[in-house]
Trainee: 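Sharing a structure, written as structure tokens. Questions coming.
This one's a predicted model, so the numbers in the text were calculated from it and none came from an experiment.
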Amino acid sequence: MISNDNFEEYLKALDVNVAIRKIATLLKPDKDITHDGDHIIIKTLSTFKNYNMDFYVGKEFDEDLSGVDDRKCKTTITWDGDKLICVQKGEIEGRGWTHWVEGDELHLELRAAGAVCKQVFKKS
């Protein structure tokens, strides 16, 4: 991760407690993405917690966000051109994210309850 703008506000929108927010904002996680046709696995890896998202594009699934904000969502991920768009239906309005690649950078925009966080990862 090379940048992480507005992450604490995003975590506040998810109602993550202050102690976890403070730890999370100090982390510099890595992303490991495996893509095989419509099957994608996105691993977010850090020294504090890891999160694995295993899904098929276009198929709604039950997402358990234990370790993030401990909620459950009905999640659907689709392609919009070269952007991967996630919609997470649940307790938090307007929740989801968008991933896209520009050069050797992976961009991630996280959204929840009007808060927007922008993260950028550099390919290693």
Side-chain angles (χ1 to χ4, degrees):
M1 178 187 290
I2 59 174
S3 69
N4 189 10
D5 298 329
N6 209 37
F7 189 51
E8 188 161 6
E9 290 305 311
Y10 169 76
L11 294 175
K12 282 182 187 177
L14 294 176
D15 199 29
V16 172
N17 79 56
V18 68
I20 299 297
R21 284 199 318 262
K22 295 301 178 192
I23 293 168
T25 57
L26 296 174
L27 298 174
K28 299 287 185 199
D30 291 321
K31 292 277 186 182
D32 180 24
I33 300 173
T34 306
H35 182 200
D36 182 16
D38 284 341
H39 183 218
I40 298 176
I41 301 169
I42 301 174
K43 296 178 183 178
T44 303
L45 308 168
S46 77
T47 54
F48 182 60
K49 289 186 179 181
N50 296 329
Y51 183 71
N52 296 326
M53 185 175 219
D54 188 332
F55 61 91
Y56 287 87
V57 175
K59 291 180 125 179
E60 183 178 74
F61 63 97
D62 293 320
E63 184 177 10
D64 182 352
L65 292 156
S66 297
V68 178
D69 65 341
D70 297 324
R71 289 187 171 88
K72 295 185 182 344
C73 295
K74 291 284 191 185
T75 300
T76 306
I77 300 166
T78 56
W79 287 107
D80 182 7
D82 61 351
K83 293 184 176 184
L84 200 56
I85 310 289
C86 172
V87 174
Q88 296 167 308
K89 296 177 187 171
E91 294 175 39
I92 304 293
E93 188 68 32
R95 184 173 188 170
W97 50 256
T98 303
H99 264 117
W100 70 96
V101 174
E102 290 180 13
D104 63 350
E105 294 178 344
L106 173 69
H107 292 256
L108 173 58
E109 181 181 277
L110 299 159
R111 299 175 298 278
V116 178
C117 168
K118 295 184 179 182
Q119 298 178 336
V120 179
F121 299 81
K122 187 98 169 154
K123 187 174 182 178
S124 59

Trainee: Going from CG on D5 to CD on E109, what distance comes out if it is rounded to the nearest 0.5 angstrom?
Mentor: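 The CG atom of D5 sits 11.5 Å away from the CD atom of E109.
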Trainee: Looking only at non-hydrogen atoms, find the nearest pair between A112 and A13 and report the distance.
Mentor: O-CB, 3.3 Å
Trainee: What heavy-atom pair brings L65 and R95 nearest, and what distance separates the two atoms?
Mentor: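 Closest pair (atom of L65, atom of R95, distance): CD1-NH2, 3.4 Å.
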Trainee: Tell me if the OH atom of Y51 is crowded by more than 12 foreign heavy atoms within 6.0 Å.
Mentor: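 Yes, the 6.0 Å shell around OH holds more than 12 heavy atoms from other groups.
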Trainee: Would a distance-only check, ignoring hydrogens and angles, find a side-chain to backbone donor-acceptor pair under 3.5 Å from N6 to V116?
Mentor: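 Yes, the answer is positive, given that a donor and an acceptor are paired below the 3.5 Å cut-off.
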Trainee: Show the nearest heavy-atom pair for residues G58 and T78, with the distance to one decimal.
Mentor: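 Closest approach of G58 to T78, heavy atoms only: CA-CG2, 4.2 Å.
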Trainee: Go through E8 and K22 one step at a time and tell me if the salt bridge (charged side-chain N to carboxylate O under 4.0 Å, His left out) criterion holds.
Mentor: CA-CA 8 Å; E8 188 161 6; K22 295 301 178 192; 3.1 Å; yes
Trainee: Flag yes if more than 12 heavy atoms outside K123 fall under 6.0 Å of its NZ atom; otherwise flag no.
Mentor: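 Incorrect, the count does not exceed 12.
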Trainee: Could you measure the distance from the CD atom of Q119 to the CD atom of E105? Nearest 0.5 Å is fine.
Mentor: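 These two atoms lie 13.0 Å from each other.
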Trainee: State whether the number of non-hydrogen atoms from other residues, nucleotides or ligands found under 6.0 Å of K12 atom NZ is greater than 12.
Mentor: yes
Trainee: Please evaluate residues D62 and K74 with respect to the criterion side-chain contact (heavy atoms from CB on, under 4.5 Å), reporting the C-alpha separation (whole Å), side-chain torsions for both, the decisive distance (0.1 Å), and the verdict.
Mentor: CA-CA 5 Å; D62 293 320; K74 291 284 191 185; 2.7 Å; yes
Trainee: Can you name the nearest heavy-atom pair linking N4 to C117, along with the distance?
Mentor: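 Smallest heavy-atom distance, with atoms named: OD1-SG, 3.4 Å.
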Trainee: Does any non-hydrogen side-chain atom of I77 lie less than 4.5 Å from one of L84?
Mentor: yes
Trainee: Can you tell me how the ring of H35 sits relative to the ring of W79, calling it parallel under 30°, perpendicular over 60° and tilted otherwise?
Mentor: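 Correct class here is tilted.
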Trainee: Rounded to the nearest 0.5 Å, what separates atom CG in L108 from atom CH2 in W100?
Mentor: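 If I round to the nearest 0.5 Å, the distance is 7.5 Å.
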Trainee: What's the separation between atom CE in M53 and atom CZ in F61, rounded to the nearest 0.5 Å?
Mentor: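 M53 CE to F61 CZ: 4.0 Å, rounded to 0.5 Å.
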Trainee: Passes side-chain hydrogen bond (donor to acceptor under 3.5 Å, both in side chains), T44 versus K31? Steps please.
Mentor: CA-CA 5 Å; T44 303; K31 292 277 186 182; 2.9 Å; yes
Trainee: If we ignore hydrogens and angles and just use 3.5 Å, is the side chain of N17 paired with the main-chain N or O of I20 as donor and acceptor?
Mentor: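 It does hold such a pair.
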Trainee: I want to check something: taking the side chain as every heavy atom from C-beta on, are V16 and Y10 in contact at a cut-off of under 4.5 Å?
Mentor: no
Trainee: Would you sort out whether T98 and R111 count as a side-chain contact (heavy atoms from CB on, under 4.5 Å), showing the intermediate values?
Mentor: CA-CA 9 Å; T98 303; R111 299 175 298 278; 2.9 Å; yes
Trainee: Do H99 and L106 make a side-chain contact, defined as non-hydrogen atoms from C-beta onward lying under 4.5 Å apart?
Mentor: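 In contact.
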Trainee: I'd like to know if I41 and I85 are part of one continuous hydrophobic network [Ile/Leu/Val/Met/Phe/Trp/Tyr, side-chain heavy atoms within less than 4.5 Å].
Mentor: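 No; I41 is not reachable from I85 via cluster members.
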Trainee: Kindly indicate whether the side chain of I40, heavy atoms from C-beta on, has any atom under 4.5 Å from the side chain of I33.
Mentor: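 Sidechains of I33 and I40: in contact.
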Trainee: Which heavy-atom pair separates L27 from F48 by the least distance, and what is that distance?
Mentor: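 The answer is CD1-CB, 3.6 Å.
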Trainee: Mind checking the NZ-CG spacing from K118 to L110? Nearest 0.5 Å is all I need.
Mentor: 11.5 Å
Trainee: Does K89 reach the side chain of T75, with side-chain heavy atoms less than 4.5 Å apart?
Mentor: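 No, side chains not in contact.
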Trainee: Roughly how far, to the nearest 0.5 Å, is CZ of R71 from CD of E63?
Mentor: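 Interatomic distance, E63 CD to R71 CZ, rounded to 0.5 Å: 12.5 Å.
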